[in-house]
Amino acid sequence: MVEEMPSQYDPAAAQARWYPQWVERGYFGADAGSDKPPFCIVLPPPNITGRLHMGHALNHTIQDILIRRKRMQGYEALWVPGTDHAGIATQVVVERALREEGIDRREMGREAFVERVWAWKERFGGEIVEQVKALGASCDWSRERFTMDEGLSQAVRVAFVRLYEAGLIYRGERLVNWCPTDHTGLSDSEVEHEDVDGELVTFKYPLADGSGDIEVATTRLETMLGDTGIAVNPKDERYASWVGKTVRHPFDDREIPIVADESVDMEFGTGAVKVTPAHDPNDWEIAERTGLPHINIFDANATLNDEVPQEFSGLERYVARERVREALAEKGLIVAEERPYRHAVGHCYRCRSEVEPWIAGKQWFVAVDELKGPAREAVKDGRIRFTPPRWARAYDTWMEGLRDWNISRQLWWGHRIPVWYCPEQHETPATQDPTACAECGSTDIVQDEDVLDTWFSSQLWPFSTLGWPEATQDLKSFYPTSVMVTAYDIIYLWVARMIMSGLFLVDGDETRTGDTIPFEQVVIHGIVRDEHGRKMSKSLGNVIDPLDMIERYGADALRFSLARMASPDQQNLPQSEASIEAGRNFANKLWNAARLVLRSGGVPELPPAEHRSVLERWLLSRHQACVDAVNDALDADEYAEASQALYRFVWSEFCDWGLELAKGRLYEGTDEEKAATANTFAWALERTLRLLHPVMPFVTEEIWQRFGRGDSIVVAAWPESAPELADEDAEREFGAVQDIVTDIRQLQAGIPTELSKNVTLAEDLRPAAEPWLSEVQRLTGAEVAFAQLEGVRVDVRISDGTDVGPILRRLEKKLAEVDGKLGRKRAKLANEGFLAKALPEVIAKEQRSVDELDEEAGRIRAQLGRLGG
RNA sequence: GGGCGCGUAGCUCAGCGGGAGAGCGCUCGCCUCACACGCGAGAGGUCGCAGGUUCAAAUCCUGCCGCGCCCACCA
């Protein structure tokens with residue numbers, strides 16, 4: 001068995017060996033009929049267009065840690081995987097591919113195009129799934145779903161119809177956020193505002209009666225072609241007499257009225273605003289209130305249409321801006337131009353084009369007013385818990401200001417809106433394709449051309465994946481789900497909507513009893529950045545590809561590095577290749593520790609307490625501390641803390657001190673000693689493997705198998721606290737030995753190696769050191785003797801003429817440091833306020849500390865004296 | 001204009017009321033029979049700045065400076 005263990009761990013081999021077996025043996029499959037308590041996570045579905053990036057890797061690692069631990073703790077653990085059809089993103093990708101073949105989607109027609117996207121999905125949509133598997137994610141692949149598969153599409157229809165019937169979905173003609181590149185409307189959440197260096201141009205409209213001019217300002221000059229009014233604040237005395245008059249449009253002679261509206265800020269600019277109802281959301285609202293008409297001046301490409309004077313018609317929006325400027329200047333109407341003028345401009349979250357407020361025909365909206373109350377309440381009253389909790393407030397603030405949600409998308413790829421219209425324009429929403437109008441019975445009906453926002457189906461994910469609207473056993477057993485793990489950037493886009501729809505829709509489901517929140521906890525993690533905190537992007541060339549890292553360092557190395565930085569308080573998580581390398585080194589360290597233990601014949605059996613040596617008792621005590629640290633950290637969702645505790649225990653304690661001191665017994669001890677030590681180390685190691693398994697599943701399985709404990713570590717029991725292993729006496733005794741070894745090493749470090757082989761220890765140390773003499777000698781490479789030493793603990797025989805300068809300097813520096821501390825602490829102990837108010841144990845601790853420092857200072861002085869300093 | 005997060009060793013971060021820590025990098029010494037993806041020893045920090053609370057502040061409070069993010073209809 002030992003021969004099978006080369007000195008370097010091979011992650012690729014372990015990954016290839018174990019993942020398929022885990023799946024095949026059904027470890028990841030959950031049983032809805034189980035008696036075990038349920039624990040369920042649904043995976044935030046990656047887009048089918050995607051390739052796994054570090055954000056996914058982090059997100060999936062956290063979930064796998066949670067799920068694997070719960071599975072080991074005896075829960076019926078279910079992790080539901082799946083993918084998202086990602087409407088715009090996917091349509092754009094396929095369109096681009098078609099364009100490269102010289103095909104325009106409009107030429108091929110809707111049906112053929114959609115077929116083409118499906119074909120593309122079949123071919124590439126599976127790639128991301130393979131990548132999730134490569135990471136080691138323990139998802140139940142038998143339950144894998146896709147937002148456009150049959151069941152989920154039915155869920156979308158049922159959701160739509162139920163909301164419609166409740167009056168929470170309506171159709172209306174409104175201004176929408178239009179992407180002129182992707183040719184679709186967007187919800188407010190899909191628009192990202194970015195500051196740009198633009199311009200603020202002030203120009204004047206002459207009053208129609210020739211009595212003067214009114215000045216207005218704009219950052220988008222071209223929109224003045226669609227102006228249908230000028231608004232001033234009704235309280236603004238400067239303009240009181242102007243309201244009701246008209247101005248003359250300089251290019252087409254239209255007369256447009258001056259109106260009063262309270263939304264106008266008197267302080268800004270001239271206090272008069274041009275109103276372009278068809279191309280600005282505020283102006284739209286002003287027009288609604290004041291009855292101004294709207295003129296749509298753009299076509300779908302944001303190019304000027306025929307509603308504008310011919311000289312401008314056909315111009316692209318930015319060109320038009322310049323032409324309008326020139327034309328106004330010619331007429332002497334430009335008053336001022338401020339440039340650069342920094343202001344926010346909305347961009348499409350997919351293609352970065354500037355979004356155009358535009359009337360895109362009738363659109364469907366979700367009315368949120370009734371939905372948001374219960375959704376806010378569920379978080380406020382703690383039924384849904386955010387980790388870290390501060391995100392609950394961000395959620396609530398956002399919910400408070402939430403406005404109706406535009407769900408119509410002028411795309412072909414997605415769930416087609418399940419509403420049919422007859423020639424009378426009656427609406428027939430239906431979960432099954434209807435054959436006639438529900439209102440007038442006409443059989444001449446056509447389905448709405450638009451599809452639904454991708455997020456409309458995503459919001460159903462926690463229950464649609466479990467079978468909703470069918471009353472499935474999965475839904476009964478696993479809903480509400482336990483935890484939703486996601487990055488903070490989609491709390492609004494996604495998390496909030498899942499809560500609203502879960503509460504409303506699942507509640508409306510007569511098969512449900514109990515709470516209908518979609519999840520009990522939301523774990524929010526940060527966003528992965530590069531090692532300098534910058535966003536990873538192709539253009540910066542700082543992208544670290546997780547698959548590349550898995551290939552070069554192993555999935556465990558990547559997972560460990562991610563877990564180690566996943567502190568929930570941190571919004572930006574910097575990642576470097578070096579940290580992944582550190583993860584690989586850690587896996588290798590563990591591997592080699594196991595090699596030594598296994599080579600020594602260790603089997604994971606604990607000798608009876610009375611037969612344990614101090615070394616063994618020390619190891620078990622430290623191991624117990626590690627178990628507690630890991631459990632406490634994981635219970636608090638502190639993955640970084642848990643990983644750190646494991647790293648420290650394995651490397652610094654188990655290996656650097658434990659195994660190093662065990663070598664004597666392992667190599668040269670009696671058979672009983674050898675067996676007791678090897679078995680104790682094997683026992684602690686085997687338990688540590690289980691603790692580490694959720695973070696590093698592959699290397700732990702690979703080693704665990706060699707202990708021959710059963711079928712798989714995946715289904716092994718989780719190590720819970722064993723307080724009886726804590727052993728203060730052993731830690732104290734062992735600590736004394738550590739101190740002696742460290743003292744010797746420090747002394748040796750300043751001396752040429754060949755001169756540091758003969759070490760003398762003070763007689764005082766004999767009781768502590770003698771039982772460990774061979775270990776101390778092994779660790780220091782020195783011959784150790786005892787003698788009466790004046791004031792010092794350790795001495796080393798050096799010949800005359802050896803340069804002791806470096807040692808002296810170090811000792812002097814150390815002395816200064818110790819004296820400094822000593823001074824501060826003595827002052828503290830002399831302080832009456834401290835003595836009066838500090839806790840007694842704090843005072844006692846300070847006193848002990850002073851005693852120790854005092855002794856240390858004495859030793860250093862003595863040492864300096866001996867060396868002639 | 002509001003809100004949130006962050007400023008601690010060269011880099012990336014942990015610590016969040018009583019002795020300044022880790023990883024990487026750097027220096028020195030070691031191919032010591034688990035591991036050079038390793039072992040040992042070091043150098044390196046007025047804990048952003050200024051006040052305040054406290055016997056005691058990197059840690060709590062206030063203000064300021066700097067960086068990042070989110071939200072908001074100021075044309």
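These numbers come from a predicted model, not from an experiment. Residue numbering restarts at 1 for every chain, and letters A, B, ... go by the order of the sequence lines.
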Note to self: Nearest to the A:Q8 side chain among B:rG19, B:rC37, B:rA75, which nucleotide is it?
What the structure shows: B:rC37
Checklist line | A:A749 side chain, from C-beta outward: closest of B:rA41, B:rG19, B:rC35 | finding: B:rA41
Notebook entry, point to check: With sugar-phosphate meaning primed atoms plus P, OP1 and OP2, does A:A836 contact a base, only sugar-phosphate, or nothing at under 4.0 Å between heavy atoms?
Noted result: nothing
Margin query: Please pick, from B:rA75, B:rG23, B:rG18, the nucleotide with the shortest atom-to-atom distance to any side-chain atom of A:K274.
Written below: B:rA75
Check: RNA chain B: A:L839 or A:L596, which has the more 5' nearest nucleotide?
Finding: A:L839
Check: Of all the nucleotides listed (B:rG18, B:rC35, B:rA75), which has the minimum atom distance to the side chain of A:F834?
Finding: B:rG18
Check: How far does the C1' atom of B:rG25 sit from the matching atom of B:rU62, given to the nearest Å?
Finding: 39 Å
Check: If you look at every strand shown and take non-hydrogen atoms under 4.0 Å, does A:A394 touch a base, only sugar-phosphate, or nothing?
Finding: nothing
Notebook entry, point to check: Side chain of A:T276, backbone of A:H279: donor and acceptor closer than 3.5 Å?
Noted result: no
Check: Quantified in whole Å, what is the P atom distance between nucleotide B:rU8 and nucleotide B:rC49?
Finding: 10 Å
Item checked: Heavy-atom check, side chain of A:V630 versus side chain of A:F649, under 4.5 Å -> no
Note to self: Regarding A:K589, tell me which of base, sugar-phosphate or nothing describes its non-hydrogen contacts under 4.0 Å with the strands shown.
What the structure shows: base
Check: How many Å lie between CD on A:Q575 and P on B:rC13, as a whole number?
Finding: 12 Å
Check: Can you find a donor-acceptor N/O pair under 3.5 angstrom joining the side chain of A:R584 to the base of B:rC37?
Finding: yes
Check: So what does A:P574 hit on the nucleic acid, given a heavy-atom distance under 4.0 Å: a base, only sugar-phosphate, or nothing?
Finding: sugar-phosphate
Notebook entry, point to check: How far, in whole Å, is B:rC64 from B:rA72 if one measures between their C1' atoms?
Noted result: 25 Å
Note to self: Using a 6.0 Å distance limit plus a 45 degree cone around the ring axis, check whether A:R564 lies over the aromatic ring of A:Y639.
What the structure shows: no
Next item on the list: Take atom CG of A:N177 and atom P of B:rA72, then tell me their distance rounded to the nearest Å.
Entry: 11 Å
Margin query: If the condition is side-chain contact (heavy atoms from CB on, under 4.5 Å), which residues does A:A782 pass it with, not counting sequence neighbours?
Written below: A:Q748, A:V759, A:T780
Next item on the list: Calculate the interatomic distance between A:N585 atom CG and B:rC24 atom P; express it in whole Å.
Entry: 8 Å
Next item on the list: Assess whether side-chain contact (heavy atoms from CB on, under 4.5 Å) is satisfied between A:V201 and A:Y341, documenting all intermediate values.
Entry: CA-CA 9 Å; A:V201 178; A:Y341 183 79; over 6 Å; no
Checklist line | Per A:R810 side chain, nearest of listed nucleotides B:rG42, B:rC73, B:rG18 | finding: B:rG42
Margin query: If you compare every side-chain N and O of A:Y341 against the phosphate oxygens of B:rA75 (OP1, OP2), does one of them come in below 4.0 Å?
Written below: yes
Next item on the list: Tell me whether the OP1 or OP2 atom of B:rA20 has a side-chain N or O from A:K821 closer than 4.0 Å.
Entry: no
Next item on the list: Taking atom P in both B:rC71 and B:rU53, compute the distance separating them and give it to the nearest angstrom.
Entry: 40 Å
Note to self: Strictly below 4.0 Å: does A:Q746 bring a side-chain N or O up to OP1 or OP2 of B:rG42?
What the structure shows: yes
Margin query: Using a heavy-atom cut-off of 4.0 Å across all strands, would you classify A:Y553 as base, sugar-phosphate, or nothing?
Written below: nothing
Check: Between the main-chain N or O of A:E400 and the side-chain N or O of A:K372, is there a donor-acceptor pair closer than 3.5 Å?
Finding: yes
Check: Of all the nucleotides listed (B:rC74, B:rC39, B:rC71), which has the minimum atom distance to the side chain of A:D265?
Finding: B:rC74
Check: For A:W657 and B:rC39, is the shortest distance between a side-chain N/O and OP1 or OP2 below 4.0 Å?
Finding: no
Check: Taking the side chain of A:D656 as heavy atoms from C-beta outward, which of B:rG40, B:rC35, B:rG23 is closest to it?
Finding: B:rG40
Check: In whole angstroms, how far is the C1' atom of B:rA72 from the CG atom of A:D396?
Finding: 16 Å
Margin query: Would A:F654 and A:F681 count as a ring-ring contact (aromatic ring centres under 6.0 Å, His included) here? Give the steps.
Written below: CA-CA 8 Å; A:F654 190 93; A:F681 275 77; 5.3 Å; yes
Item checked: C1' spacing across the pair B:rG2 / B:rC60, given as an integer number of angstrom -> 25 Å
Next item on the list: Among the candidates B:rG23, B:rC74, B:rG40, find the nucleotide nearest to the side-chain atoms of A:R745.
Entry: B:rG40
Check: Once you round it to whole Å, what is the distance between C1' of B:rG19 and CG of A:D819?
Finding: 15 Å
Notebook entry, point to check: What interatomic distance, in whole Å, is found between C1' of B:rG10 and the corresponding atom of B:rC31?
Noted result: 30 Å
Note to self: What's A:W284 touching, base or sugar-phosphate or nothing? Going by heavy atoms closer than 4.0 Å.
What the structure shows: nothing
Note to self: Regarding A:E660, tell me which of base, sugar-phosphate or nothing describes its non-hydrogen contacts under 4.0 Å with the strands shown.
What the structure shows: base
Notebook entry, point to check: A:W657 ring centre to A:R778 NZ or CZ under 6.0 Å, with the angle to the axis within 45°?
Noted result: no
Next item on the list: Starting at atom CG of A:L659, determine the distance to atom C1' of B:rC35, rounded to an integer number of angstrom.
Entry: 11 Å
Notebook entry, point to check: Where the side chain of A:R595 is defined as all heavy atoms beyond and including C-beta, which of B:rC35, B:rC71, B:rC24 is the nearest nucleotide?
Noted result: B:rC35
Check: What nucleotide among B:rA75, B:rC73, B:rC35 has an atom nearest to a side-chain atom of A:T219?
Finding: B:rA75
Notebook entry, point to check: If you draw the axis of the six-membered ring of A:W284, does the NZ or CZ of A:R174 fall within 45° of it and under 6.0 Å from the ring centre?
Noted result: no
Notebook entry, point to check: What is the nucleic acid contact for A:K813, judged by heavy atoms within less than 4.0 Å: base, sugar-phosphate only, or nothing?
Noted result: sugar-phosphate
Check: Once you round to the nearest 0.5 Å, how far does CZ of A:R595 lie from CG of A:L590?
Finding: 13.0 Å
Check: Side-chain N or O of A:K825 less than 4.0 angstrom from OP1 or OP2 on B:rG19?
Finding: yes
Check: Going by an N to O cut-off under 4.0 Å, is there a salt bridge joining A:E581 and A:R584?
Finding: yes
Next item on the list: Determine the contact category for A:E285: base if any of its heavy atoms lies under 4.0 Å from a base atom, sugar-phosphate if only primed atoms, P, OP1 or OP2 are that close, otherwise nothing.
Entry: nothing
Notebook entry, point to check: Taking only side-chain nitrogens and oxygens of A:R778, does any of them come within less than 4.0 Å of OP1 or OP2 of B:rU32?
Noted result: no
Checklist line | Dot-bracket notation for RNA chain B, counting Watson-Crick and G-U pairs under 3.5 Å, with | for partners on another strand | finding: ((((((((.[[[[.)..(..]]]].(((((.......))))).....[[[[[..)....]]]]])))))))....
Note to self: Without decimals, in angstroms, what is the distance between A:R220 CZ and B:rC74 P?
What the structure shows: 14 Å
Next item on the list: Scan A:L835 against the nucleic acid and name what it touches under 4.0 Å (heavy atoms): base, sugar-phosphate only, or nothing.
Entry: nothing
Note to self: Using a 4.0 Å heavy-atom cut-off, does A:S576 contact any base of the nucleic acid, only the sugar-phosphate backbone, or nothing at all?
What the structure shows: nothing
Checklist line | Atom-to-atom span, CG of A:N592 to C1' of B:rC39 - whole angstrom | finding: 13 Å
